[in-house]
Amino acid sequence: MFIHKSYIIETLTNTHVGSGDTSFGTVDNLIQKDPVTSLPVFHSSSIKGAIKEHMENNYKKTEIPEPDFNLIFGEAEDKPGVVKFYDARLLTLPLRASKRVYFHCTSPETVLDYLNTIDTFKTATGLDDLKNFIANLNCADKEFIVLNNDTNLEIEDYSNYKNVPINNGVKDLIKKYIGIDSENLAVFKNEIFSDICKDSLPVIARNKIGEDGKSENLFYEEVLPRRSKLWFMLGFDENITINSLFETKLTSDDLIQMGANASIGYGVTQIRPVGGA
């Protein structure tokens with residue numbers, strides 16, 4: 001029988017996991033996006049490669065022996081690893097706000113997709129109250145909802161919102177499964193959040209300087225901003241014993257670099273188990 005475990009990735013610095021695509025010449029380097037929702041995603045191959053490189057570079061073979069390492073990641077095309085790596089999908093996006101430095105922003109569809117998936121794959125239990133709360137959030141004629149009493153609030157260019165009360169039980173579930181305090185969460189209309197993720201992610205100008213000190217190549221690169229949260233799963237056969245140090249190292253205080261531009265501080269992330277500390 002296959003079992004699954006789920007994890008939250010938090011970007012601690014701007015992150016560029018590139019898709020290789022351009023935006024009609026406007027943005028030269030786009031990040032990876034889900035082909036159905038167009039929301040940011042880290043494809044499974046990118047996650048597997050980043051974690052494998054991190055383990056290779058930071059842990060001795062006495063800690064994760066080579067047989068265990070090969071069992072996890074595979075040895076060759078005809079000898080794949082036993083662990084399945086799934087895409088990491090966006091859960092919350094930080095957006096600037098007038099009353100706080102930023103809010104963790106999301107949409108009902110985004111949260112429900114996450115909760116329904118980890119429920120289906122049995123990586124979490126006790127989700128019904130949280131799923132019902134999110135499913136019943138209704139922006140109506142408003143742009144977003146906040147779960148606090150803030151007044152005269154503006155998030156990015158959006159200011160048409162309403163406050164929704166929340167009980168302590170649901171507050172605790174948001175903290176446990178999304179990893180943030182509910183008063184810092186803003187839930188946007190599905191279509192507005194989708195538009196933000198498609199068209200309003202940060203774009204940073206980059207410039208390659210030649211030996212003579214002159215610009216050789218000015219280009220524009222899309223990034224997923226720091227403090228974004230994504231979720232992903234690992235799957236493996238319950239009959240196969242994997243070195244327990246692998247998950248310990250994966251969810252320790254290690255900083256795992258994902259994507260490009262490590263030399264300028266991009267892609268520093270931290271991984272935590274869903275429901276963990």
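Sequence positions, counted from 1, serve as the residue numbers for this chain. A quick note: this is a predicted structure, and the numbers were derived from the prediction, not measured.
Under a 3.5 Å cut-off, the side chain of Arg272 and the backbone N or O of Ser252 do form a donor-acceptor pair. For the pair Ser228 (side chain) and Thr11 (backbone), a donor-acceptor distance under 3.5 Å is absent. Distance alone, capped at 3.5 Å, places no donor-acceptor pair between the His16 side chain and the Ile31 backbone. Formation of a donor-acceptor pair under 3.5 Å by the Tyr114 side chain with backbone atoms of Tyr177 is found in this model. No donor-acceptor pair closer than 3.5 Å links the side chain of Glu56 to the backbone N or O of Asn58. Between the Glu143 side chain and the Lys189 main chain, no donor and acceptor come within less than 3.5 Å of each other. Within the 3.5 Å criterion, the main-chain N or O of Thr151 finds a donor-acceptor partner in the side chain of Lys99. Looking only at distances, no side-chain donor or acceptor of Ser6 sits under 3.5 Å from a matching main-chain atom of Met233. At distances below 3.5 Å, at least one donor-acceptor pair connects side-chain atoms of Asp87 with backbone N or O atoms of Ser44. With Gln32 contributing its side chain and Gly18 its backbone, the two residues share a donor-acceptor pair below 3.5 Å.
In this structure, Phe121 places its CZ atom where more than 12 heavy-atom neighbours from other residues, nucleotides or ligands lie under 6.0 Å away. The neighbour count for Lys131 NZ, taken as heavy atoms of other residues, nucleotides or ligands under 6.0 Å away, is above 12. Other residues, nucleotides and ligands place more than 12 heavy atoms under 6.0 Å from the CG atom of Asn57. The number of heavy atoms from other shown groups lying within 6.0 Å of CZ (Arg100) is above 12. Enclosure of atom CD in Glu53 is not indicated, since only 12 or fewer non-hydrogen atoms of other residues, nucleotides or ligands lie within 6.0 angstrom. Atom CD of Glu183 sits in a crowded spot, with more than 12 heavy atoms from other residues, nucleotides or ligands closer than 6.0 Å.
To the nearest 0.5 angstrom, Ile196 atom CD1 is 10.0 Å from Asp199 atom CG. One finds the CD atom of Glu109 at 8.5 Å from the CD atom of Glu191 (value rounded to the nearest 0.5 Å). Of the inter-residue distances, the one linking Thr15 atom OG1 with Gln257 atom CD reads 8.0 Å to the nearest 0.5 angstrom. Put simply, CG on Leu93 and CG on Leu39 are 9.5 Å apart, with the number rounded to the nearest 0.5 Å. Remark: Ile155 CD1 to Tyr102 OH distance equals 12.5 Å, nearest 0.5 Å. The structure places CG of Leu250 at 9.5 Å from CD1 of Ile64, a figure rounded to the nearest 0.5 Å.
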- Kindly indicate, with the supporting measurements, whether the criterion side-chain contact (heavy atoms from CB on, under 4.5 Å) is fulfilled by Asp195 and Ile192. CA-CA 5 Å; Asp195 287 343; Ile192 292 177; 5.6 Å; no
- Item | Trace of the side-chain contact (heavy atoms from CB on, under 4.5 Å) decision for Asp141 with Asn160 | CA-CA 8 Å; Asp141 60 341; Asn160 186 12; 5.5 Å; no
- Item | Verdict with supporting geometry, Glu221 and Asn261, side chain to side chain donor-acceptor pair (under 3.5 Å) | CA-CA 11 Å; Glu221 193 164 64; Asn261 304 323; 2.9 Å; yes
- Task: For the pair Asn163 and Asn148, evaluate side-chain contact (heavy atoms from CB on, under 4.5 Å) and give the outcome as yes or no after the intermediate values.
- Result: CA-CA 6 Å; Asn163 309 87; Asn148 59 39; 3.9 Å; yes
- Please walk me through it: do Asp254 and Lys249 pass salt bridge (charged side-chain N to carboxylate O under 4.0 Å, His left out)? CA-CA 7 Å; Asp254 281 7; Lys249 303 299 184 185; over 6 Å; no
- Item | CA sep, side-chain torsions, deciding dist, call: Leu12, Gln270, side-chain contact (heavy atoms from CB on, under 4.5 Å) | CA-CA 7 Å; Leu12 302 183; Gln270 201 162 37; 4.2 Å; yes
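The shortest side-chain heavy-atom distance between Val111 and Phe133 does not fall under the 4.5 Å cut-off. Side-chain contact between Thr269 and Leu230 is absent, with no heavy-atom pair separated by less than 4.5 Å. The closest side-chain heavy-atom distance from Glu247 to Leu234 is not below 4.5 Å. Here the side chains of Met55 and Phe246 are in contact, with some heavy-atom distance below 4.5 Å. Side-chain contact between Tyr7 and Ile47: absent, with no pair of heavy atoms (C-beta onward) separated by less than 4.5 Å. Taking 4.5 Å as the limit, every side-chain heavy atom of Leu130 sits out of range of all side-chain heavy atoms of Lys176. Contact annotation: the side chain of Phe85 approaches that of Ile51 to within less than 4.5 Å [non-hydrogen atoms, C-beta and beyond]. Within the 4.5 Å cutoff, the side chain of Ile174 has heavy atoms near those of the Leu147 side chain.
One hydrophobic cluster holds both Ile8 and Leu115 under the rule that ILVMFWY side chains link at heavy-atom gaps under 4.5 Å. Side-chain heavy atoms closer than 4.5 Å link hydrophobic residues (I, L, V, M, F, W, Y) into clusters, and following such links, even through other members, never connects Ile204 to Leu95. Hydrophobic clustering, with ILVMFWY side chains joined whenever heavy atoms are under 4.5 angstrom apart, groups Val17 together with Ile271. By the criterion of side-chain heavy atoms lying less than 4.5 angstrom apart, applied directly or through intervening Ile, Leu, Val, Met, Phe, Trp or Tyr residues, Leu112 is grouped together with Ile178 in one hydrophobic cluster. Residues Phe193 and Val36 do not share a hydrophobic cluster, defined by chaining ILVMFWY side chains whose heavy atoms lie under 4.5 Å apart.
Here the closest non-hydrogen pair linking Leu90 and Cys197 is CD2-SG, 3.7 Å. When all heavy atoms are compared, the tightest approach of Lys171 to Ser182 is CG-OG, 3.3 Å. Across all their heavy atoms, Gly267 and Thr13 have their closest contact at N-OG1, 3.2 Å. Taking both residues in full, the closest heavy atoms of Leu153 and Tyr161 are given as N-OH, 3.2 Å, listed atom of the first, atom of the second, then distance. Here the shortest heavy-atom pairing between Leu173 and Gly126 reads CD2-O, 3.8 Å. Here the closest heavy-atom approach between residue Thr92 and residue Leu185 is recorded as CG2-CD1, 4.4 Å.
Note: Phe69 and Phe73 have tilted aromatic rings, judged against thresholds of 30 and 60 degrees for the angle between ring planes. Classification of the Phe188-Tyr158 ring pair by plane angle, with boundaries at 30° and 60°, yields perpendicular.
The aromatic ring centres of Tyr86 and Phe232 sit 6.0 Å or more apart.
The closest side-chain donor-acceptor pair between Glu156 and Ser200, if any, does not fall under 3.5 angstrom.
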